[in-house]
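Since this is a predicted model, take the numbers as computed values, not measurements. Each ligand, and each atom within it, is numbered from 1 in the order the structure gives.
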Amino acid sequence: MTIKQNVSQILDELPASVQLVAAAKTREPQEILEAVEAGVRVVGENYVQEAEKAYQVVGDRVEWHFIGHLQKNKVKKAVDIFDMIETVDSIEIAAEIDKRCARAGKTMPVLIEINSGREEQKAGVYPEDAERLIREIATLKNIRVMGLMTMGPLIGQTEDSRPYFQETRSVFERIKESNLPNMEMKYLSMGMTDSYRIALEEGANVIRIGSRIFGERAQG
Ligand SMILES: *Cc1c(COP(=O)(O)O)cnc(C)c1O
């Protein structure tokens with residue numbers, strides 16, 4: 001199967017209300033371009049440096065989502081390239097994004113990353129801490145919370161991811177109803193190659209797919 005065929009198949013399968021993010025880490029710009037030519041509208045990157053390289057080839061014809069762990073010293077460049085940052089999990093990183101956006105004269109849509117597996121070493125806030133973080137971010141003028149993102153633990157069977165998606169969904173619904181200022185609970189980003197069908201059943205409207213588009217990644 002070619003990248004083109006993979007993208008067509010996935011797009012055929014998705015309801016129009018669901019956004020496909022092509023998770024492009026470790027892929028060459030040419031591979032990303034092939035996916036874009038097949039209909040991908042959003043590219044997800046984990047590393048700012050890789051994104052810069054890909055951006056030079058693919059450019060503004062797609063939206064760029066940052067889906068990796070963002071370091072403070074990379075925020076300035078990230079603000080230049082990305083249209084959304086899906087992985088905000090602290091007020092410190094939010095404040096840095098806000099500061100850089102204010103200087104650049106833009107407002108960054110962000111998602112709050114939820115550590116739904118409550119894994120100590122993982123990025124994201126615990127589900128019960130999401131609302132407090134969103135209230136803090138609401139005071140920042142150049143950043144706008146647009147939803148939630150989660151990875152979930154990577155171990156186990158596909159079906160094992162369901163409870164993590166369910167919990168993230170319930171946080172999403174609860175915060176949506178709380179009508180906090182400067183926030184819109186619009187996007188729920190969950191599900192990857194092995195889990196996106198379950199994520200869709202549990203209410204995801206953004207899915208992030210790598211291997212099923214580009215093939216298996218080399219280890220390392
Ligand atoms: C790599 C990655 C994906 C896609 O993973 P696949 O299993 O290759 O589909 C999705 N989200 C994030 C944050 C990733 O780092």
Side-chain angles (χ1 to χ4, degrees), residues 1-11 13-14 18-29 31-32 34-36 38-51 53-54 62-71 74 78 81-90 93 109-117 119 121-125 146-162 164-165 168-169 172 187-220:
M1 293 274 284
T2 65
I3 290 173
K4 263 201 174 72
Q5 288 168 327
N6 291 338
V7 170
S8 302
Q9 267 197 358
I10 298 167
L11 289 176
E13 197 186 313
L14 293 182
V18 174
Q19 201 172 59
L20 171 66
V21 177
K25 61 176 173 281
T26 77
R27 312 300 176 171
E28 291 301 323
E31 297 175 279
I32 301 170
E34 191 177 337
V36 170
V40 159
R41 293 286 160 262
V42 187
V43 176
E45 290 280 4
N46 294 63
Y47 306 103
V48 173
Q49 224 169 332
E50 244 182 64
K53 215 174 87 186
V62 290
E63 263 186 49
W64 295 85
H65 284 201
F66 187 77
I67 62 174
H69 184 66
L70 188 54
Q71 281 158 344
K74 296 284 164 62
I81 297 175
F82 292 99
D83 302 293
M84 179 180 277
I85 295 173
E86 293 201 14
T87 51
V88 169
D89 64 356
S90 73
I93 204 76
V110 303
L111 307 184
I112 303 301
E113 181 171 2
I114 306 294
N115 182 354
S116 54
E119 297 167 282
Q121 73 287 8
K122 274 263 184 81
V125 292
M146 297 294 291
L148 305 181
M149 176 272 205
T150 198
M151 297 269 283
L154 295 178
I155 35 144
Q157 301 281 309
T158 305
E159 189 61 33
D160 292 343
S161 58
R162 192 182 296 278
Y164 305 103
F165 294 157
T168 306
R169 167 78 183 275
F172 180 82
Y187 299 112
L188 182 55
S189 174
M190 33 185 218
M192 322 198 318
T193 293
D194 290 334
S195 60
Y196 75 90
R197 290 195 177 93
I198 289 179
L200 290 173
E201 287 170 15
E202 299 304 336
N205 58 14
V206 179
I207 59 172
R208 309 175 311 269
I209 307 289
S211 339
R212 198 145 169 236
I213 293 177
F214 299 107
E216 290 301 319
R217 272 183 301 279
Q219 291 299 309

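- Using a 4.0 angstrom heavy-atom cutoff, Asp194 does not count as in contact with ligand 1.
- Contact of the Glu159 side chain with the Ile198 side chain is registered, since non-hydrogen atoms from C-beta on lie closer than 4.5 Å.
- Using a 4.0 Å cut-off between heavy atoms, Asn46 contacts ligand 1 through its side chain alone, with no backbone atom that close.
- Among protein heavy atoms, the minimum distance from atom 11 (N) of ligand 1 is reached at Arg208 NE, 2.8 Å.
- Atom CG in Asp194 sits 9.0 Å away from atom CD1 in Ile209 (nearest 0.5 Å).
- Residue, atom and distance of the protein heavy atom nearest to atom 9 (O) of ligand 1 are Thr193 OG1, 2.4 Å.
- With ligand atoms numbered from 1 in the order given, ligand 1 contributes 3 (C), 4 (C) to contacts under 4.0 Å with heavy atoms of Ala23.
- Between Glu45 and Ile32 the shortest side-chain heavy-atom distance falls below 4.5 Å.
- Lys53 NZ: 12 or fewer foreign heavy atoms inside a 6.0 Å radius.
- At a heavy-atom distance under 4.0 Å, only side-chain atoms of Arg217, from C-beta outward, approach ligand 1.
- Ranking protein heavy atoms by distance to atom 1 (C) of ligand 1, first place goes to Lys25 NZ, 1.2 Å.
- For Gly210, a nitrogen or oxygen atom sits less than 3.5 Å from a nitrogen or oxygen atom of ligand 1, counting backbone and side chain alike.
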Going through the checks in order, is the side chain to side chain contact (heavy atoms under 4.5 Å, CB included) test met by Leu188 and Val206?
CA-CA 6 Å; Leu188 182 55; Val206 179; over 6 Å; no
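- In this structure, the side chains of Leu14 and Leu20 come closer than 4.5 Å at one or more pairs of heavy atoms.
- At the top of the distance list for atom 5 (O) of ligand 1, counting protein heavy atoms only, stands Met192 CE, 3.7 Å.
- Only the side chain of Met151 comes within 4.0 Å of ligand 1, counting heavy atoms alone; its backbone N, CA, C and O stay farther away.
- We find that Arg197 and Glu202 are not joined by a salt bridge, their nearest charged nitrogen and carboxylate oxygen being 4.0 Å or further apart.
- Proximity of Val21 to Val43: side-chain heavy atoms (C-beta onward) are nowhere separated by under 4.5 Å.
- Which parts of ligand 1 touch Ile209 is read off a 4.0 Å heavy-atom cut-off, strictly below it: atoms 9 (O).
- The shortest N or O to N or O distance between Ser211 and ligand 1 is below 3.5 Å.
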